[in-house]
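In what follows, every heavy atom counts, from backbone to side chain, and hydrogens, waters and symmetry copies are set aside. We name chains A, B, ... by the order of the sequence lines, and we start the count at 1 in each one.
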2 protein chains.
Amino acid sequence: MPQTMTSADLRIRNQVRLLRAVHDAAAPFTRAEAARLLGIGRNTAAALVGELEQARLLHEVPAAAGGRGRPTTLLVPHPEGPQVFAVDFREDTWTLAAELETGEHDRTPAVFTEIRAAVARHETPRLAMLGFATSGPIRDGHRLHISHLGWDEVELDSVLGAGWPPAVIDNDARLAGLAESRRGALRGMGTAMHFHIDFDIGGTLLLAGDAQRGGHNIAGEFGHMPLTGSTLECMCGVRGCWSLDVGANALVRRFGKQPGYGTGRELAQAILRRAEDGEPEAVAALDDNAAALGKGIGALANALDPEAVSLSGLGVDLIRLRRGRIEEACREQLMAFRRDEPPQIMPGTVGAAGPLTGAAEIAWDAVLDPVWVKDRL
Amino acid sequence: MPQTMTSADLRIRNQVRLLRAVHDAAAPFTRAEAARLLGIGRNTAAALVGELEQARLLHEVPAAAGGRGRPTTLLVPHPEGPQVFAVDFREDTWTLAAELETGEHDRTPAVFTEIRAAVARHETPRLAMLGFATSGPIRDGHRLHISHLGWDEVELDSVLGAGWPPAVIDNDARLAGLAESRRGALRGMGTAMHFHIDFDIGGTLLLAGDAQRGGHNIAGEFGHMPLTGSTLECMCGVRGCWSLDVGANALVRRFGKQPGYGTGRELAQAILRRAEDGEPEAVAALDDNAAALGKGIGALANALDPEAVSLSGLGVDLIRLRRGRIEEACREQLMAFRRDEPPQIMPGTVGAAGPLTGAAEIAWDAVLDPVWVKDRL
DNA sequence: GGATTATGTTCGAGCCGGGCACAAAAATTT
DNA sequence: AAATTTTTGTGCCCGGCTCGAACATAATCC
């Protein structure tokens, strides 16, 4: 337990708290407000801010006179301060954020050199950290596994190694949940869950604003629990997975289409539109999908007791079209004694930008950190 | 975020770290070792220990001369220092620890006055905190719910209120897991799970040595997820719960007995003995129980990715008699890509003392805390 | 008995945050 | 227009903390 603390560490700690507050704030606040917020004196705040200004981490700009009192300054990120880039790496495309560049790719790990070049095109000395979102699990933090692409165990060091800026990386569904937890629908919750519904269901358990990673960094495959009684065989190698009844694959399977990763998304969207138009078969498919979703959420709520559950991807459509059915199925699956306080089920507010936002979030986590800041000043 | 820190708090913090180290250590260590362990100087350690000695929290005893060098002292809890009592409150009995007293009870909340009297019999001025383990969930931290006793929502303030020493309280299955996580089979793991198998299955997710409580403090009902495809109706009000296939109720049901909380435990044990003797029907029941257990663990491992899973109660017998069957069923339920690293499944090492040990643990958590220690000195 | 080794002890230095008094700059009141 | 009120910035001193270095102490080893 080498979490030693000397008085110098104390200052860094308070400076990080200050930086984090500025970074997380919806609107800029003044130095005096910051002092009150952190519970420190105005004089101490002045000293902290002074050092951070000198390290080009924080900047003071004159504040518009609000009421009485001596005019003060607003605290904003320094214009020459550190930046992070976020990369959302999907099955077929990648995006460098914030909306800097997007490209398709050839589905081989060689795409990383492409991304590296794109990063270089926009890179400035201010780039401090790169956040990656990948569409597959990253085992033990360094072995990337994307079955849709046939990537079995791509060593991150070999594709993200020398020649790259410092980088952090995590799974997209987990990062989408983190984004909701930090900046979206799940903000401020102690226990919550997020599910991203695409071809199947990926998700994450969020505790006090942190996404849980598990012992081998591959937690989150909630879609591969047998929660709905299906007897089909799943691509993951097991029978009966929840994902067999929820998501794009489940929708298209009802119409005789083989689940897959080609045009499945468009097909699923088309089915939803036909259901909106009242086509009976599509309506039934939608209803079943919503019910299976709600049932699974209820089952998980029994075990993990989340305050709320947010959804992204197809889940947003399911809530929009069949909120009642989802909630009803959830309620039926809840133990009787907890039915009077069911978990809130809601669409994520970060939306499709979830993985990108989450990737930026973990990149900032790495920057707004005592050791990084200490190094900088 | 008023986690303000002044230099005075710094000292308290280091003192708490020191106390915690002494409390958690398997064998006493010397003052110089403590300094190295905490990463502080020998002089600082002397100052910290001095104050703690004066506050009667730590005591120094001469150490047996080990090798060269000036002889030193061992750090041990102060003989007049704080103590905690732990209470394990079960459906029909209660125990005041460490094995101080045990009694039966009449299944009404009036039993708390009985326990209060027992506490008073052993109480000394050193008693600092009482830790309670209950056999039911404690909603929102203050409403106790034990369905077997017909206790719907017993307000803790009304039974544990004035006239009691300071007390902390939690659910028994959760505390058993905490005990394994802090002092037993799960020690040192970042992500682990514990299941207590009795009539049904209760459990907890353990992250970095802490049991997760959920949004309403009622997390842990893993036994009430539909993981095994059962179609029976469960007492909890839902169909298909995992607990319908695992545990004492599941065992006795196969023999035409209604599940219940009377002689169920003895009956289940008898079935296990008959299975050991080779009686075919009992063997089948045991096999099915073990398989259902393994299947559920595998399903949960897909989602939560624990490094290990420990079991208590009937689970210990199941591992002893049918480890292979459990592991095989678990493996079949694991997603193919994670079958080469299945979670370790093992019996808890704290054993039947789990709830009691866990209750002591949360009591110590409340004592070995900056605010408590600051108050004392 | 002297050298070696590990630990305890003392003292000064550097740093941190708190508290106080006072200065500065606005809005409000007179 | 001047005085008052309100809020914030600044400078100074204080108590507290940990650290590092030098020295003292008590055992073992040769």
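In this structure, A:Arg70 and A:Ala46 both approach DNA chain D, and ranking their closest nucleotides by distance from the 5' end singles out A:Arg70. Both A:Thr73 and B:Ile12 lie near DNA chain D, and the one whose nearest nucleotide falls closer to the 5' end is A:Thr73. Across the interface with DNA chain C, nearest-nucleotide mapping of A:Pro71 and A:Leu48 shows A:Leu48 to be the residue nearer the 5′ end.
For B:Leu10, the side-chain atoms get nearest to D:dT18 when compared with the rest of C:dA25, D:dT10, D:dT18. Of the candidates D:dC19, D:dG16, C:dT4, D:dC19 carries the atom nearest the B:Thr44 side chain, counting heavy atoms from C-beta on. Minimum atom distance to the side chain of B:Thr6 is reached by C:dG17, of the listed C:dG17, C:dT9, D:dT8. Across C:dA27, C:dC16, D:dA24, the shortest atom-to-atom separation from the side chain of A:Ser7 is found for C:dC16. In this structure, of C:dG17, C:dT9, D:dT8, it is C:dG17 that holds the atom nearest to the side chain of A:Asn14.
Between the P atom of D:dG9 and the CD1 atom of A:Ile40 lies a distance of 12 Å, rounded to the nearest Å. Going from atom CG of B:Leu37 over to atom C1' of C:dT7 covers 17 Å, rounded to whole Å. Going from atom CZ of A:Arg68 over to atom C1' of D:dT4 covers 8 Å, rounded to whole Å. Atom pair A:Asp9:CG and C:dG14:P shows a separation of 18 Å (rounding to whole Å applied). As rounded to whole Å, 12 Å separates atom C1' of C:dT7 from atom CD of B:Glu60.
Among all heavy-atom pairs drawn from A:Ala128 and A:Pro82, the shortest one is CB-CB, 3.7 Å.
The side chain of A:Arg13 contributes no N or O atom lying less than 4.0 Å from OP1 or OP2 of C:dC16. When the side-chain nitrogen and oxygen atoms of B:Thr72 are compared with OP1 and OP2 of C:dT7, none of them lie within a distance under 4.0 Å. Under 4.0 angstrom from either OP1 or OP2 of C:dT9 there lies at least one side-chain N or O belonging to B:Arg31. Remark: A:Arg42 is not in phosphate contact with C:dG18, judged by side-chain N or O atoms under 4.0 Å from OP1 or OP2. Taking side-chain N and O atoms only, B:Arg11 has a distance below 4.0 Å to OP1 or OP2 of D:dT18.
B:Glu307 places a side-chain N or O within donor-acceptor distance of the main-chain N or O of B:Gly190, the cut-off being under 3.5 Å.
Expressed to the nearest 0.5 Å, how far CG of B:Leu205 lies from CZ of B:Arg213 amounts to 12.0 Å.
Look at A:Arg20 and A:Asp365 and you find a salt bridge, because one of the NZ, NE, NH1 or NH2 atoms lies within 4.0 Å of a carboxylate O, short of that distance.
Between the base of C:dG8 and the side chain of B:Asn43 there is no donor-acceptor pair shorter than 3.5 Å.
Among A:Arg17, A:Arg183, A:Arg182, the one residue that satisfies the salt bridge (Lys or Arg N to Asp or Glu O under 4.0 Å) test with A:Asp24 is A:Arg183.
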